[in-house]
Amino acid sequence: MATDSTLQRSIGLVGAIGIGVGAIVGGGILALAGAAFAATGPSAILAFALNGVIAVITALSFAELSCAFPQSGGTYTFAKKVLSVEAAFAVGWVVWFASIVAAVLYALGFGYFAAIVVQQVWQAVADSAPQWLASRWIVAALAVAAIALYTIGLLRKGAGGGQWANVGKLVVFGVVIAAGLWAMTGRSASEMQQSLTPFFSAGAMGLVQAMGFTFIALQGFDLIAAVAGEIREPERNIPRAMLTSLGIALLIYLPLLLVISTVGVAPGQSITVASKANPEAIIAVAAQQFLGSFGYWLVIVAALLSMLSALQANLFAASRVAMSMARDRTLPHAFSVISETRGTPVTAILVTSGIVVAIVLVVPNVSAAGAASSLFFLITFSLAHMICYLARKRSGDRWATFRAPLFPLVPAIGVLACMGLAVFQGFAVPSAGMIAAVWLCIGGGLFLSLFAQQARVVDASAAAQDPEMLRMRGQNPLVLVPIANPANAAAMVEVATALAPPRMGRVLLLSVVVTPEDWQPAENPKPLEATQAVLGQALAASRTAGLSPEALTTMAPQPWLEITRVCKIHRCESLLLGLSDLSTNSESSPLDELMGSVTCDVVVLRAPAGWQLQEVQRLLVPIGGVAGHDQLRARLLGSLFRTGPREVTFLRVLPETAKKADCDAARRELERIARDEAPGRAKVEIILSPAADEVIARYAAESDLLILGVQRLGRGRKAFGRFTLQVARHTTCPIMMISHRG
């Protein structure tokens, strides 16, 4: 069985640190130290130290955002909360890809070192190893075996399992560093100085180049944010886990690089020359210099453990990013389903691992993809800093318990540093930029063709139920409410306030003084006095109900045209109209003209005097099978759920001749709508009848509010068609008719 329930918070501080250490420590420095030494010589130590400063600054912004939004998804979740669903998809799409490619690189890295071990063991037993043991397919097979092992582990246990690889590699690195520091005591100061000279072998540009190559070696703290929804006491544990894992990495990296630079080469030799000759295995070769073959094998063991732990961490995080995106319908819903028996997102894990395996088997050279992964991470890190700045500025005093110090200096430095390295990476490896562009184009096509409609619906519902998202996004929705009858003013303002919650949005009452062309106010003040009286009564009724709208009075000969003008000038998000007797509005051409001319959402309310939204418990939502109002309906329902407990019935009426397959398809569609727009609060009904209006009226008699979608046909065409009017005539239930902006 599977469920849409959230994952349990089963990861403590030690487990969270383990995720960071598993992703950061080992794999990056083993793969990139040689390239750094070759680019800048001994100043590679400084390059890693400067990258460490940038990483710590970035971790501070990540920690602040993760404490404010402690859900899984990392940068994707931050973008969804503060930017938009479209921006969130783009960020999530690239972060998912970057983690997948990182997993590919670490899987192949494990396969490469494991193949060396197999060859050496074979050679020790049989004196010689066959050539095919060094083939790419053996490396790929070993990589796939490692992926399968960790996929099974992730499927079985939500926290991802085992810290043994982390402990093992830390012990091995500790032994290598201790042995190197001991060996340094046998070198004279002049020999040490000679080993480190010239410190900047390629000047300042070489240092920057080395920083660009190696920053990815400190990537991994962000994976803690990617699984934040599973971490216990996130506001306490996430900042500690991020900074501790980075601290552990730097405590290993900097001494190790110093040891390699000084005693990792023979006296009189240069680490720069040695790294250019053998960049991939420079640490193993250097360890052999002061520990003999034992040191070489220690590094091999460290490499195996490092690749495995980094592979596990990236598979874990990538699956959680996919799961978070699926919950928001920016990826298929199946990715978000949680196994009831295991408590893990089975489909997200299997699809993520399947893509990793496919890349391992199909792509012969993933170095360019790896550079693209690094580029993606740097770009998303820059975005995280900008999001942190925007969120802190927009939130005021209501913000996370953990805050990065020296605001806004920290995010500003982070943006400049990460974006600068990203630009360098794009120029240094042009193929990385090409891969990034292709992947974004693929994602954009998929989003627009498959995911956009549902994603925007779910996003509208989420924002309506959590108005803080409006604040984070810098939105200030305005609902315009033309008032002609003060008797229903309180009810109208109550509905408008639900659509635009206080402090996040605004409700504007509009009163139009209808003036004849030759009107003289001094001679005939009655139109003005009547309008002022209506507006005054409306404001008084609103205030009595505890509501605080704004008010605007204008003069115009044609009120419908004036409403249209005010909507456009004030850029209203919604227009709320009240009609006392819709059933007689068959010739309501001014209303049709209005709905055809405004570009905002329109909600028309027909309710008896004294009706109150807070008394509504049972909602009826007929679905006609044609999309168009889904986003507005989701926003309206979300607003109603926020203001009180409600139950929703989604109703679909099919002809009596409908086949079972058609009924089953209609039920699945209704269940999807209920899941997206009213999760846990809705039931669905499929009725076969030749008279849909009579069925709706029968169900409406047992409901407190009927929500109908009406067509938006454009200027000069009827908005309220025959069916809508028939339903209105057959029921006395309060009705809300909604029309999404055209």
What I'd like to find out is whether the side chain of Asp328 reaches to under 4.5 Å of the side chain of Asp459, using heavy atoms alone. no

Checking Asn166, Ile19, Leu154 against Gln312 for side-chain contact (heavy atoms from CB on, under 4.5 Å), the one that qualifies is Leu154

Are Glu233 and Arg9 ion-paired here, with the side-chain N under 4.0 Å from a carboxylate O? no

Could you tell me whether the side chains of Tyr389 and Ser61 share a donor-acceptor contact shorter than 3.5 Å? no

Please check if the side chain of Ser245 supplies one atom and the backbone of Gly20 the other of a donor-acceptor pair under 3.5 Å. no

Look at Arg320 together with Glu230 and state whether they make a salt bridge at an N to O cut-off of under 4.0 Å. yes

Side chains of Pro477 and Arg506, heavy atoms from C-beta outward: is any pair under 4.5 Å? no

Side chain Arg473, main chain Lys80, donor-acceptor under 3.5 Å: yes

May I ask you to decide if Ala462's main-chain N or O and Asp466's side chain share a donor-acceptor pair within less than 3.5 Å? no

Please step through side-chain hydrogen bond (donor to acceptor under 3.5 Å, both in side chains) for the pair Thr330 and Tyr76, ending with a clear verdict. CA-CA 11 Å; Thr330 51; Tyr76 165 77; 3.2 Å; yes

Determine whether Leu218 and Leu250 make a side-chain contact, defined as any pair of heavy atoms from C-beta on separated by less than 4.5 Å. yes

If we ignore hydrogens and angles and just use 3.5 Å, is the side chain of Glu64 paired with the main-chain N or O of Ala404 as donor and acceptor? yes

Restricting to non-hydrogen atoms, name the atom on Ala318 and the atom on Ser99 that form the minimum distance, rounded to 0.1 Å. CB-CB, 3.7 Å

For the side chain of Ser84 and the backbone of Ala87, is there at least one donor-acceptor N/O pair under 3.5 Å apart? yes

Interatomic distance, Leu196 atom CG to Leu258 atom CG [nearest 0.5 angstrom]: 6.5 Å

Under the side-chain hydrogen bond (donor to acceptor under 3.5 Å, both in side chains) rule, what do Gln71 and Thr77 come out as? Steps first, then yes or no, please. CA-CA 7 Å; Gln71 298 98 36; Thr77 297; 5.4 Å; no

Could you tell me whether a side-chain N or O of Trp93 sits under 3.5 Å from a main-chain N or O of Phe447, the two making a donor and an acceptor? no

If you apply the rule side chain to side chain contact (heavy atoms under 4.5 Å, CB included), what do you find for Thr344 with Ile338, and how did you get there? CA-CA 5 Å; Thr344 57; Ile338 308 299; 5.8 Å; no

Would a 4.5 Å heavy-atom cut-off, applied to side chains only, mark Met242 and Ser66 as touching? yes

Please give me the minimum heavy-atom distance between Ala88 and Ala79, naming the atom from each residue. CA-CB, 3.8 Å

Quick one, Val259 and Val176 - any side-chain contact, counting heavy atoms below 4.5 Å? no

Test your reading of the model: is there a side-chain donor-acceptor pair from Ser353 to the backbone of Leu350, 3.5 Å cut-off? no

Any Met504 side-chain heavy atom under 4.5 Å of Glu468 side chain: yes

For the side-chain contact (heavy atoms from CB on, under 4.5 Å) test, which of Leu315, Thr151, Val351 pairs with Val356? Leu315

Could you report the tightest heavy-atom contact between Ile24 and Tyr253, atom names first, then the distance? O-OH, 2.6 Å

So which heavy atom on Ala165 is nearest to which on Tyr150, and how close? CB-OH, 4.5 Å

Would Thr214 and Asn51 count as having a side-chain donor-acceptor pair, cut-off 3.5 Å? yes

Is the shortest distance from a Lys or Arg side-chain nitrogen in Glu573 or Arg635 to a carboxylate oxygen in the other one below 4.0 Å? yes

Do any N or O atoms from the side chain of Ser574 and from the backbone of Asp601 form a donor-acceptor pair under 3.5 angstrom? no

Could you tell me whether the side chain of Lys169 and the main chain of Val25 form a donor-acceptor pair under 3.5 Å? yes

Distance, nearest 0.5 Å, that separates CG of Leu257 from CD1 of Ile45: 6.0 Å

Between atom CZ of Arg240 and atom CD1 of Ile231, what is the distance when rounded to the nearest 0.5 Å? 13.5 Å

May I ask you to test the Pro239-Cys67 pair for a side-chain heavy-atom distance under 4.5 Å? yes

Just how far is it from atom CZ of Phe37 to atom OG of Ser261, taken to the nearest 0.5 Å? 3.5 Å

Aromatic ring proximity Phe381/Phe62, centre distance under 6.0 Å: yes

If you apply the rule side chain to side chain contact (heavy atoms under 4.5 Å, CB included), what do you find for Phe407 with Arg392, and how did you get there? CA-CA 9 Å; Phe407 182 86; Arg392 175 97 70 99; 3.3 Å; yes

The reported gap from CE in Met419 to CZ in Phe424 (rounded to nearest 0.5 angstrom) is 15.5 Å

To check you understand the geometry: which heavy-atom pair defines the closest contact between Ile29 and Ala217, and what is its length? N-CB, 4.1 Å

Any sub-3.5 Å donor-acceptor pair from Thr272's side-chain atoms to Ala38's backbone N or O? no

Is there a side chain to side chain contact (heavy atoms under 4.5 Å, CB included) between Met211 and Ile54? Walk through the geometry before answering. CA-CA 10 Å; Met211 290 177 65; Ile54 298 173; 3.9 Å; yes

Verify side chain to side chain contact (heavy atoms under 4.5 Å, CB included) between Gln454 and His333, making sure each step is shown before the conclusion. CA-CA 10 Å; Gln454 281 186 254; His333 169 256; 6.0 Å; no

Can you find a heavy atom in the side chain of Ile11 that is under 4.5 Å from one in the side chain of Arg232? no

Whether Arg329 engages the ring of Phe451 as a cation-pi pair (distance to the six-membered ring centre under 6.0 angstrom, angle to the ring normal within 45°) should be assessed. no

What's the shortest heavy-atom distance between Ser336 and Met323, and which atoms? CB-O, 3.8 Å

At what distance, to the nearest 0.5 angstrom, does OG1 of Thr244 lie from CZ of Phe221? 13.5 Å

